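Below is one structure, written out as structure tokens; the observations come after it.
Note that the structure is predicted; figures quoted are calculated from it, not measured. Order of the sequence lines fixes the chain letters, A, B, ..., with proteins taken first and strands second; residue numbering starts at 1 for each chain.
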Amino acid sequence: MLDIRLVRENTEKVIDALKKRSEDTSVLDKLLSIEGRRRDLLKAVEDDRQQRNSLSQEIGKLKKEGGDASALLEEAKKVSEDSVSKEAELRDLEILAKNELLLIPNIPHESVPVGRDENDNVEVRRWGNIPEFSFEPKNHWDIGESLDILDFDRASKIAGARFVIYKGGGASLERALINFMLDLHTKEHGYTEVITPLLVNREAMTGTGQLPKFESDLFKLEEGDAKGFLLIPTAEVPVTNIHREEILSGDELPIYYTAYTPCFRREAGSYGKDTRGLIRQHQFNKIELVKFVKPEGSYDELETLTNNAEEVLKRIGLPFRVISLCTGDMGFSAAKTYDIEVWFPAQKKYREISSCSNFESFQARRADIRFKTEGRKGTEFVHTLNGSGLAVGRTFAAILENFQQEDGSVIIPEVLRPYMGIEKISKK
RNA sequence: GGAGAGGUGGCCGAGUGGUCGAAGGCAGCCGCCUGCUAAGCGGUUGUGGGGGUCAAACUUCACCCAGGGUUCGAAUCCCUGCCUCUCCGCCA
């Protein structure tokens, strides 16, 4: 959510931002007209209230002294009654203004490349050598099925399309990845591990920006007692909301959290895409990194957060590149986003494995997360950042493809061996 | 699932219709005093919005879990919801 004052006083900047995102600017006209009326009415209502308050005070005083207050009572009643409709209208306008404001995306940072879609994203750096194979590299789902460590068919019997069963060495590898990533982030990168609810309420989803605009991406529970719960599409939601409606003290910051959670996504509208394999599942595991920081250093924090995510790939030994998303391709709440893309040999291209963003105060304003600096009056909104560190399923897939051998086996990357106790997954 | 209790400022806690943004205590801050420590004394300390100002001062409105209602006036009365706690039952 943007600051309504910014929208009011710096409208051009907001229009510019919307245009860069290829978004319709008409929402803004609507918002501003509502906001204008809201402010006029606020003044009127407050004047009424002031008058009423002072009359009431006199009535109180008079009654205490045993005087006759009936004339004042009459007057006060009139003021009150006259104000009723204004108060109601004001309430409506406040809700309307808030609703409109919630639909406006964040303003991109000045360093973000301007562009229409993913073709205008800018590659920032690459790491690692793309592996060469003396044979035609296979897709990870073929590898996984032939090693009997992934089972898509039976999963679809249990749940449906876009679900998977990890089995044997597959389950072990998935678990190893989770533990390796968590250990790296907690022991070396300074994050505190949290385990959070996977079902959350609407307020939490609104706080991070999934609602109200992206309801169709989410799984919801709608029956009986469960009514109102939504399944998290990312740990960003519960973790960022840990400090919702809190005023942190300045010296608590920065706060770094990491969390392992399953994530649930409807993937409505992506029917043709990635129908096979682990890339696009309704349920997948992810390690998330979340930061709460002071505004001054938040872009440095984005760099280190991104580096922290890259480090996972470096240690495993998977080639990747980092791209800076352009204005048209960035998510709704983000001010700047780096995507990390890992190499998939069978598809011969880089695919997203992490997305690291600075939301500046956009989420903090929605979720009301502030901090107070000792000796300074008032409070400020924190800046929130998050990124995947990493998507576990996609990392799993990348390992199968990049470390596959001609005989169909898969070499386990060295850093994962202590977690698994084996060096290789082979056919039985 | 059954029975009860309760949600007030950073914390504890008083307040049941009227100068209450809220007593008192603790903690914090400023000052005084005390040759250290501790104690003592005086003052001060919430958040958000509007107006105002270069900025401040100042001013006004709202906020005692949330949302409605009654009333000239609500922390205080009524309704609904949410949450917490205790006991019993059930349960990984």
Side-chain angles (χ1 to χ4, degrees), chain A residues 1-10 31-32 34-102 195-207 221-230 238 241-253 255 262 361 364-382:
Chain A
M1 184 165 66
L2 300 178
D3 185 353
I4 185 64
R5 263 193 298 209
L6 175 81
V7 179
R8 227 161 47 205
E9 292 162 16
N10 233 326
L31 172 61
L32 285 171
I34 293 168
E35 174 62 7
R37 280 191 288 143
R38 184 188 75 83
R39 282 174 33 105
D40 291 344
L41 210 57
L42 179 66
K43 181 91 177 81
V45 165
E46 291 200 340
D47 286 348
D48 284 350
R49 285 206 269 237
Q50 187 185 349
Q51 200 186 342
R52 189 204 65 198
N53 285 348
S54 67
L55 283 171
S56 290
Q57 216 169 71
E58 282 183 61
I59 291 169
K61 207 193 287 177
L62 209 59
K63 281 198 164 175
K64 210 174 222 170
E65 292 161 359
D68 175 24
S70 58
L72 283 175
L73 252 146
E74 196 74 14
E75 200 184 334
K77 187 166 188 166
K78 193 162 179 313
V79 172
S80 243
E81 280 170 356
D82 288 352
S83 204
V84 166
S85 66
K86 289 187 217 167
E87 300 243 11
E89 200 189 336
L90 178 64
R91 254 201 307 265
D92 291 346
L93 285 172
E94 279 170 350
I95 293 166
L96 279 175
K98 179 85 185 283
N99 287 347
E100 291 301 318
L101 201 55
L102 286 175
I195 297 175
T196 68
L198 307 179
L199 299 175
V200 303
N201 55 37
R202 299 190 69 86
E203 288 71 37
M205 286 291 187
T206 306
L221 303 183
E222 285 179 329
E223 298 296 321
D225 285 351
K227 198 175 169 65
F229 283 123
L230 299 113
N241 278 284
I242 286 175
H243 294 298
R244 189 169 91 230
E245 287 160 41
E246 286 187 18
I247 298 173
L248 303 161
S249 99
D251 43 59
E252 285 178 80
L253 298 175
I255 296 171
S361 59
R365 191 170 285 108
R366 286 174 162 246
D368 195 16
I369 307 168
R370 291 171 286 165
F371 74 98
K372 184 168 176 59
T373 306
E374 193 71 26
R376 232 194 287 176
K377 68 160 175 38
T379 55
E380 292 176 76
F381 288 109
V382 302

*Considering just the side-chain nitrogens and oxygens of A:Arg38, establish if one lies under 4.0 Å of OP1 or OP2 belonging to B:rG49.*
no

*Kindly say if A:Ser80 contacts the phosphate of B:rG73, meaning a side-chain N or O under 4.0 Å from OP1 or OP2.*
yes

Measuring from the side chain of [X] (C-beta onward, heavy atoms only), which nucleotide among [options] has the closest atom?
X	options	value
A:Arg5	B:rG18, B:rG49, B:rU47	B:rG49
A:Leu42	B:rG73, B:rG49, B:rG18	B:rG49
A:Lys61	B:rC72, B:rG48, B:rU19	B:rU19
A:Ile247	B:rG50, B:rG73, B:rU47	B:rU47
A:Gln57	B:rU19, B:rC72, B:rG48	B:rU19

*Does any N or O donor sit under 3.5 Å from an N or O acceptor when you compare the side chain of A:Lys63 with the base of B:rG18?*
yes

_Electrostatic pair A:Glu35-A:Arg38, nearest N-O below 4.0 angstrom_ = yes

For [N], what is the paired nucleotide under Watson-Crick or G-U wobble rules, both distances under 3.5 Å?
N	answer
B:rA27	B:rU45
B:rU19	none
B:rU70	none
B:rU84	B:rA5

What nitrogen or oxygen pairs link the protein and nucleotides 76-85 of chain B at under 3.5 Å?
none

For [X], which contact category applies under a 4.0 Å heavy-atom criterion: base, sugar-phosphate, or nothing?
X	answer
A:Thr379	sugar-phosphate
A:Ile59	base
A:Arg8	sugar-phosphate

*Whole angstrom is fine here: how far is it from CG in A:Asp368 over to P in B:rU47?*
13 Å

_Atom-to-atom span, CG of A:Asp48 to P of B:rC72 - whole angstrom_ = 16 Å

*Given that A:Gly60 and A:Lys372 both sit by RNA chain B, which one's nearest nucleotide is further toward the 5' end?*
A:Gly60

*Identify, between A:Leu72 and A:Arg370, the residue whose nearest nucleotide on RNA chain B lies closer to the 5' end.*
A:Arg370

_Footprint string (nucleotides 60-69 of chain B, 5' to 3'): B base within contact, S backbone only, - free, heavy atoms under 4.0 Å_ = SBS-----S-

_A:Asp48 side chain vs A:Ser83 backbone, donor-acceptor pair below 3.5 Å_ = no

*Would you sort out whether A:Leu73 and A:Lys77 count as a side chain to side chain contact (heavy atoms under 4.5 Å, CB included), showing the intermediate values?*
CA-CA 6 Å; A:Leu73 252 146; A:Lys77 187 166 188 166; over 6 Å; no

